[in-house]
Amino acid sequence: MTHIDVLNELAKRRGFFFSANDSYGGLAGFYAYGPMGAALKSNIENSWRTKFVIGEGHFEISTPTISPSPVFKASGHLDGFDDLLISCSTCEISYRADHLLESQHTLLESPDVSVKEFKKLLSKYSLTCPSCKNTLDDSTLQEFNLMFATKVGPGSQTPGYLRPETAQGIFVEFPRLSDYARGKLPFGVAQIGTSYRNEISPRKGLTRLREFTQAELELFIHPTDLGPEINPTTTKLPLYSVSQQESNGNIEFVTPTEAIDQNIIENRWLAYYLELSANWYDSIGIDLTRFRYRQHMPNELAHYASDCWDAEVEIDGDWIEITGFAHRGNYDLSKHNTHSSADFTMFIPLDEPQEKLQTNLNPDMGYFGPTFGKLTPEILSKIDEMASEDSTIFDSPELSVEIDGTTHSILSECLHPTTEKVTVTGEHILPHVIEPSFGIDRIIYSILAHTFHEDIVDGEARSLLSLPSSISPIFVGVFPLLTRDDLDVVAQDIASNLRTSGLSVLYDESGSIGKRYRRQDEVGTPFCVTVDHQYFEDQTVTLRERNSALQIRVDVDSLSALLENLRNGSSAFFDL
RNA sequence: GCGAUGGUAGUGUAGUGGUAUCACGUGACCUUGCCAAGGUCACAACCCGGGUUCGAAUCCCGGCCGUCGCACCA
């Protein structure tokens with residue numbers, strides 16, 4: 001068995017995670033977290049919240065997992081849903097059908113059609129397999145389903161979709177959120193929740209799920225905001241940039257300020273979050289020596305992103321993506337601004353109000369309406385644009401305006417331009433978005449893989465999870481050394497007291513004392529308290545630290561305060 | 001989705017056309033004076049459906065799930 005097999009076995013046996021619905025044969029891509037996993041997940045989410053929401057002064061919201069189809073039409077996800085895969089019947093390699101049609105027949109628009117309609121197209125335009133050069137006439141077509149669809153309401157035809165990312169919930173509610181931020185940039189909005197993707201092939205346990213948990217932060221910034229000044233630190237980020245990937249394949253270790261100065265990372269906000277996140281990963285047990293930030297190659301950038309870095313961890317020789325840091329520009333807000341009736345812009349006041357000359361065209365609508373029909377508004381706004389660049393255009397008797405490749409002639413006498421002085425106090429802008437998007441399930445898996453160890457204590461093998469005490473499912477185990485002489489009564493009493501202090505406590509009196517330590521080592525419990533006979537002489541108990549298996553004696557009265565300090569990090573065991 | 005391969009107590013395994021091996025585990029009791037000790041007893045499994053057969057967990061077919069490779073991953 002490999003290391004990772006041992007870990008998966010442990011996860012099943014001790015209640016971290018396991019395939020869901022197993023009683024009914026299971027369903028690929030859906031996992032359940034057991035008692036240990038659910039506690040760990042909750043602790044990790046809280047740690048993220050403390051760092052990225054509270055620590056950064058951002059807002060957290062919670063939006064529905066189901067939204068109506070226009071939302072995803074706007075976001076571009078619905079078009080992804082319509083993609084067709086075409087498989088060559090000879091060599092069995094699959095391609096995106098629309099991409100193939102575009103490249104082999106230089107069609108500009110990707111045909112957004114069903115399987116049936118595409119088959120008709122196929123009889124008109126023949127395609128050849130790029131790999132084996134055979135014709136694709138009798139190849140199989142299949143829809144590439146990505147989003148889970150549902151119908152909303154009884155007998156309703158209103159289609160809805162389960163969100164493929166939590167981000168859209170933030171973008172859709174942006175008009176209210178910007179009001180809530182009182183119109184000031186930058187501001188950040190976060191959401192922790194489940195997202196759904198109907199993956200073709202879920203694999204490798206928690207690393208590709210069909211229902212998964214994301215912790216996403218959308219930082220809304222002014223388009224000209226290049227990011228904060230970054231305090232020089234000694235933190236070296238392991239960067240794997242596009243140029244490194246193309247050349248020697250080595251990771252560079254540079255500080256955030258060096259990365260900016262050397263133009264490895266263009267946007268300072270991205271560098272800022274890469275550093276903040278590296279510190280967080282370290283605090284929750286990711287091994288930073290098996291970690292890198294990899295920049296997306298130009299051809300793998302998402303449709304919305306101008307730059308993207310993935311945090312990746314090494315597990316059994318594979319690099320697993322655990323977070324994406326994307327510069328989404330104004331893609332999402334501009335799409336929703338266009339598709340919805342709401343206003344997704346923000347009004348940003350200028351430092352100083354400016355006097356500006358504004359031209360009013362005062363068009364003769366008796367001429368424009370009958371002559372240009374529906375094109376009128378577009379033509380007028382184009383003239384407006386031209387006039388703002390060149391105020392002399394009305395001097396000639398005719399104006400030429402080009403709309404969609406057609407040139408229209410306009411009689412100048414039908415316009416009666418006037419100019420007036422207006423005071424401009426600000427402008428409407430679409431903010432840009434910096435998005436760190438964390439995959440919580442993959443992070444959980446990575447932490448378990450990176451903290452799992454097998455070592456020897458007193459000549460006996462043991463397995464342990466060296467989880468940071470801030471996220472351990474159980475914080476302290478409490479045991480009686482023996483189940484007699486009232487040791488168990490005292491131990492139960494201590495356990496109950498510690499619980500009232502809000503600590504996660506496990507009481508165990510089964511088996512030998514050594515076995516109980518091993519049980520807790522295996523689920524990452526950082527401390528164990530054992531009550532022995534010396535308690536009756538001086539009211540002290542032993543406190544054992546997990547990784548070292550070392551013990552000290554502690555006064556029962558100070559136990560709960562001491563453990564709380566160990567948990568929140570204000571004390572360290574080895575200083576005691 | 002395609003190809004290969006597998007599915008036996010909670011976990012890991014042995015094995016077979018006639019209901020199943022072993023270990024760990026879990027529980028109870030005894031024991032136990034600090035790192036998976038010992039004893040007794042108990043708990044607990046052939047992925048699902050169909051076919052062949054007197055009889056299927058075993059053979060055949062289909063499905064589901066796992067692993068690996070290919071493809072896909074907005």
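- For A/T542 and B/C34, a side-chain-to-base donor-acceptor distance below 3.5 Å is present, hydrogens and geometry of angles not being considered.
- Within the shown strands, B/C2 is the pairing partner of B/G69 under the Watson-Crick or G-U definition, both distances less than 3.5 Å.
- One finds no salt bridge joining A/R462 and A/E454 here, because no Lys/Arg side-chain nitrogen approaches an Asp/Glu carboxylate oxygen to under 4.0 Å.
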Inset, instruction - Show your reasoning for whether side-chain contact (heavy atoms from CB on, under 4.5 Å) applies to A/S241 and A/R294. - result: CA-CA 6 Å; A/S241 65; A/R294 189 180 67 82; over 6 Å; no
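- For the P atom pair drawn from B/U32 and B/C68, the interatomic distance equals 49 Å after rounding to whole Å.
- Comparing B/A71, B/C34, B/U32 by their closest approach to the side chain of A/L482 singles out B/U32.
- Between B/U13 and B/A20, the two C1' atoms lie 13 Å apart (nearest whole Å).
- When the C1' atom is compared between B/G17 and B/C54, the two are found 12 Å apart, to the nearest whole Å.
- Of the side-chain N and O atoms in A/S19, none sit less than 4.0 angstrom from OP1 or OP2 of B/C65.
- With B/G12, B/C35, B/G25 as the candidates, the nucleotide lying closest to the side chain of A/A549 is B/C35.
- No donor-acceptor contact under 3.5 Å links the side chain of A/S510 to the base of B/U26.
- One finds no side-chain N or O of A/K515 lying less than 4.0 angstrom from the OP1 or OP2 phosphate oxygen of B/C34.
- Comparing B/A37, B/U32, B/C34 by their closest approach to the side chain of A/L481 singles out B/C34.
- Set against B/U11, B/G1, B/G33, the side chain of A/D485 has B/G33 as its closest nucleotide.
- Both distances falling under 3.5 Å, in either a Watson-Crick or a G-U wobble arrangement, occur for no nucleotide opposite B/G33.
- Comparing the C1' positions of B/G63 and B/G55 gives a spacing of 25 Å, expressed to the nearest Å.
- Nucleotides B/C29 and B/G69, compared at atom P, are 50 Å apart to the nearest Å.
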Inset, instruction - Go through A/D488 and A/Q492 one step at a time and tell me if the side chain to side chain donor-acceptor pair (under 3.5 Å) criterion holds. - result: CA-CA 6 Å; A/D488 50 344; A/Q492 290 197 49; 5.1 Å; no
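- Nucleotide B/A45 holds its C1' atom 14 Å from the NZ atom of A/K12, rounded to whole Å.
- In this structure, A/F475 and A/F527 have perpendicular ring planes: the angle between them is above 60°, well past the 30° mark.
- With respect to A/R544 and A/D521, a salt bridge is recorded, a charged nitrogen being found less than 4.0 Å from a carboxylate O.
- Spacing between atom CZ of A/R484 and atom C1' of B/C34 amounts to 14 Å, rounded to whole angstrom units.
- Between the side chain of A/Q551 and the base of B/C34, a donor-acceptor pair under 3.5 Å is found.
- B/A4 and B/C73: their P atoms are spaced 25 Å apart (whole Å).
- Base pairing annotation: B/U16 forms no Watson-Crick or G-U wobble pair, as no partner gives both donor-acceptor distances under 3.5 Å.
- Checked by distance alone, A/R462 brings no side-chain donor or acceptor within 3.5 Å of a matching partner on the base of B/C35.
- Among the heavy atoms of the strands lying under 4.0 Å from A/G205 are primed sugar atoms or P, OP1, OP2 only; no base atom is included.
- None of A/R328, A/K335, A/H336 except one satisfies the side chain to side chain donor-acceptor pair (under 3.5 Å) rule with A/D332; the exception is A/R328.
- Rounded to the nearest Å, the gap between the C1' atom of B/G33 and that of B/C43 is 31 Å.
- If you check residues 516-527 of chain A against RNA chain B, the residues with a heavy atom closer than 4.0 Å are A/Y517, A/R518, A/R519, listed by number.
- As rounded to whole Å, 16 Å separates atom C1' of B/U67 from atom CG of A/L7.
- In B/U40 the base sits anti relative to the sugar, since the glycosidic angle is further than 90° from 0.
- Under 3.5 Å, the side chains of A/D538 and A/T540 contain a donor-acceptor pair of N or O atoms.
- Residue A/D458 is in sugar-phosphate contact alone, with no base atom involved, counting any heavy-atom pair closer than 4.0 Å across all strands shown.
- A/R208 contributes a side-chain N or O that forms a donor-acceptor pair with the base of B/C73 under 3.5 Å.
- Note: A/Y281 and A/Y293 have tilted aromatic rings, judged against thresholds of 30 and 60 degrees for the angle between ring planes.
- Evaluation of atom-type donor-acceptor distances gives no pair under 3.5 Å for the side chain of A/R14 against the base of B/G10.
- B/G27 and B/C64 are spaced 33 Å apart, taking the C1' atom of each and rounding to whole Å.
- When the nearest nucleotides of RNA chain B are assigned to A/R553 and A/P164 by heavy-atom distance, the more 5′-ward of the two goes with A/R553.
- Remark: A/K204 is in phosphate contact with B/C68, judged by side-chain N or O atoms under 4.0 Å from OP1 or OP2.
- The partner of B/A28 is B/U40, by the rule that a Watson-Crick or G-U pair needs both atom distances under 3.5 Å.
- Across all strands shown, B/A23 is found opposite B/U11 as a Watson-Crick or G-U wobble partner, with both distances under 3.5 Å.
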